[in-house]
There are 2 protein chains.
Amino acid sequence: MTTKLKSVTGSVVAPQGFRAAGVFCDIKRLGTGKGSDKGPKRDLALIVSDVPAAVAGMFTTNQVCAAPVKVCLDRVRQGWAQAVVVNSGNANACTGPTGLRDARSMTADAARHCGVEESLVLVGSTGRIGVPMPMPNVRRGIAAAARELDNTPASAGAAAEAIMTSDTRSKQIAVEFTLGGRKVRLGGMCKGAGMIQPGMSATGARPAAGWGGLHATMLAFLTCDAAVEPELLQSLLQEAVAASFNRITVDGDMSTNDTVLLLANGLAENPVLRARDRSAARKADQGVLREAIRHVCLELAKMIVRDGEGTTRVVTVRVEGARNPAEADAAARAVANSALVKTSWHGGDPNWGRIIDALGYSAARVVEDRVDIGYSAVGGRRVLYSLKGGRPTKVSFARLCAAAAPAEFELHIQLNQGRGTAVVYASDLTEAYVEFNKGNVSDPASLGG
Amino acid sequence: MTTKLKSVTGSVVAPQGFRAAGVFCDIKRLGTGKGSDKGPKRDLALIVSDVPAAVAGMFTTNQVCAAPVKVCLDRVRQGWAQAVVVNSGNANACTGPTGLRDARSMTADAARHCGVEESLVLVGSTGRIGVPMPMPNVRRGIAAAARELDNTPASAGAAAEAIMTSDTRSKQIAVEFTLGGRKVRLGGMCKGAGMIQPGMSATGARPAAGWGGLHATMLAFLTCDAAVEPELLQSLLQEAVAASFNRITVDGDMSTNDTVLLLANGLAENPVLRARDRSAARKADQGVLREAIRHVCLELAKMIVRDGEGTTRVVTVRVEGARNPAEADAAARAVANSALVKTSWHGGDPNWGRIIDALGYSAARVVEDRVDIGYSAVGGRRVLYSLKGGRPTKVSFARLCAAAAPAEFELHIQLNQGRGTAVVYASDLTEAYVEFNKGNVSDPASLGG
């Protein structure tokens, strides 16, 4: 973290004028829900701002797009929002016109209970596909959450728990910094552990051919008290997502529900930041805010990878020297999504054969005797090479195993074909992942998910 | 099988004038090799024709291409061959100029011991990447194999065993048919069980952007006693591979060594078949030969999928109604390679949510409410739909589970966007696959593989 950003508690309620809540309303209709000593896991969250906030959003580019995403795509375009209602346990995807009505109805309920305009309420869902939303439970949940809204770390934690599905732990962060001499805070919470390889865009539309992104369900909600115009906020979020959530891959799948929302309500009363700002002071502020949003998004994205279903390794795959950035990205993703490479990481095996094989079938230009492969610690500068110019180095097997042993390490790939670079954050593939995802033939409701 | 093709024994030695052998020469340099009650697994095979044969070949399009593939690409272009020498246990890939010399040297040895011209000898390898070939052992093996050449089913079986790596069983087939009133035989053997998703081409070069193929190590060697000109043989093989080996996927990876070779030595003395033939009789013969080659390739390809590492399910994924064939292929492969879909198959779970999610992130145009998903028996016409027009059907969960329970079944996907179709043969993803591929940190020699 740079000296400009300070860690603080409270995640989404750390910034001024935000309250949150998370309750259990039995979205999965299991009676008691997935329980623990604390009772069933919460499944409905609310985040509300005291005043309307500038909003930015990024969404799944899966052509099969959940009802809540359709509602958000529509409303985020206006540039302003004031509340977000989110449920877990049901993705409200492939639910037809009824699903769309239900998603809007959730926002209407939240609007009524929280005293905000319906068009300023956004909605998110995650969970099983193709199951109708249990609206009586949902309505009860929204009413209960509205009553419990608070600005304590505990309420933020409850909201963070409520959006979880296969996550083993909630994912929260908040930082504090200065803009125009005013103290500003940015908080965030996210969920995601499987079916992960996000590739979100602002419109949900996929770019033209040649774009390397592939994408799977993660949700992230960021709150901020900075005064920022929607247009600038959107471009800052888009950059940050491109460098973070869109750079992670757990299993190469892409969800119907991916959503990242950022609300900035201006209560910090810093000099408003606009896309057209030319003054040195405001451009400096923009730089600080850009850094803060990127940092928060990247840290949340790494939490998702660390918590991948069955994950035991988080590997930062860095490709350099590709012909161009798109090829660097293709090469990194081919390696990061290769079942054989991922299983070798699980075994702690510094196997370069599978890596160069993955590079060779990627869309990147690869010349066998120009490829270097090596390992380093996270953020480390010293790279230990297993392969140089396509030939194995003299580094001992024991040293290479030691480099591939830690729970987190970096894999450096130099293609020597140009100046394109890319980074992807990946996890290993384990028996636990398969065991977890084998499906449940005893549960008819799992048909969609 | 159509009435024109009759099953016979002997695989690669079933056609006239072919002999084969398979010996153990300790390619992996383990002392005893992977043993069984029958002794260590054979690791060097030879196939020889009494006379020079027309040859056709298809090769990996991985940009990292093994030495033996380089030699074959060079020689197959001439159109004639007379012997093939193949080893398992070492891919002779990423072995630099020495590896290329070694691959040629293998053909020189085989030529000398078998009494054929060196330029008519082809070579194949499979196994670990980046390990130098143990040439003293290889030379001994080639000499021994040459002494044991024979035309019995046992010798064919020995050759089929010698090319295996992670296969649990040898893969062999032979058929007999009639061309121009003459009895003709076509035999084949192959290997492959993991690192499989072939996408071979004649030149090893990948087509321009837009091509959907992706591809992983499989080797296949076909022998035939038909009289066929090389140009026609190549086009028949190319079609057959496109419809078979290039349509399978076990884990989405593509090898540096994929090779399919077909030798046709003319000893059946049928009227020679040429690309330019216009007579009805010769065109009918071409049709029979085309069918035979396609049948043999497809059966061998399915054997590979059935024997996938850890595989418990073989699923034929049929996509219809895509905008064009390339999109149908992209859709089928997205489904067939989705870790989440494959694990659901392992659990016998008829989960359509993961399937439609994979379709949605594929490169194919997918409209949620136009998608139909259903199940049938292999080759069956009756499709049991779980999803119609993007909405779940009323078919009971129990019936759907029964449809997804068999070791082999067909998944039918109708996109209703056009007339593009594609078929992919896929396997499930199991804990056993991960367990098998975790790597072996106690074995330095596994560094490349």
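So you know, we letter chains A, B, ... as the sequences are listed, proteins then strands, and number each from 1. Please read all numbers here as calculations on a predicted model, not as lab measurements.
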Heavy-atom pair of closest approach, residues Pro392(A) and Gly130(B):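 Smallest interatomic distance, heavy atoms only, reads CG-O, 4.2 Å.
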Checklist entry - What distance separates Asp369(B) CG from Cys94(A) SG, expressed to the nearest 0.5 Å? => result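 Rounded to the nearest 0.5 Å, the CG-SG separation comes out at 10.0 Å.
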Supply the atom-to-atom distance Arg391(A) CZ to Thr95(B) OG1, rounded to the nearest 0.5 angstrom.
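If I round to the nearest 0.5 Å, the distance is 6.5 Å.
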For Gln63(A) and Ala364(B), indicate whether the former's side chain and the latter's backbone hold a donor-acceptor pair under 3.5 Å.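 Side chain of Gln63(A) to backbone of Ala364(B): a pair is present.
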Check your understanding: Got a donor-acceptor contact below 3.5 angstrom from the Asn62(B) side chain to the Asp357(A) backbone?
Key ->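 Yes, Asn62(B) side chain to Asp357(A) backbone: donor-acceptor pair under 3.5 Å.
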**Prompt:** So Ile129(A) and Trp352(B), side chain to side chain contact (heavy atoms under 4.5 Å, CB included) or not? Walk me through it.
**Reply:** CA-CA 9 Å; Ile129(A) 296 172; Trp352(B) 56 260; 3.9 Å; yes
> So which part of Leu359(B) gets closer than 4.5 Å to some heavy atom of chain A, the side chain, the backbone, both or neither?
Replying inline: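 It is the backbone, since no side chain atom gets that close.
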- Query: Highest number of heavy-atom pairs under 4.5 Å with chain A: which of Val371(B), Ile355(B), Ile356(B), Val366(B)?
  - Reply: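 Highest number of heavy-atom pairs under 4.5 Å: Val366(B).
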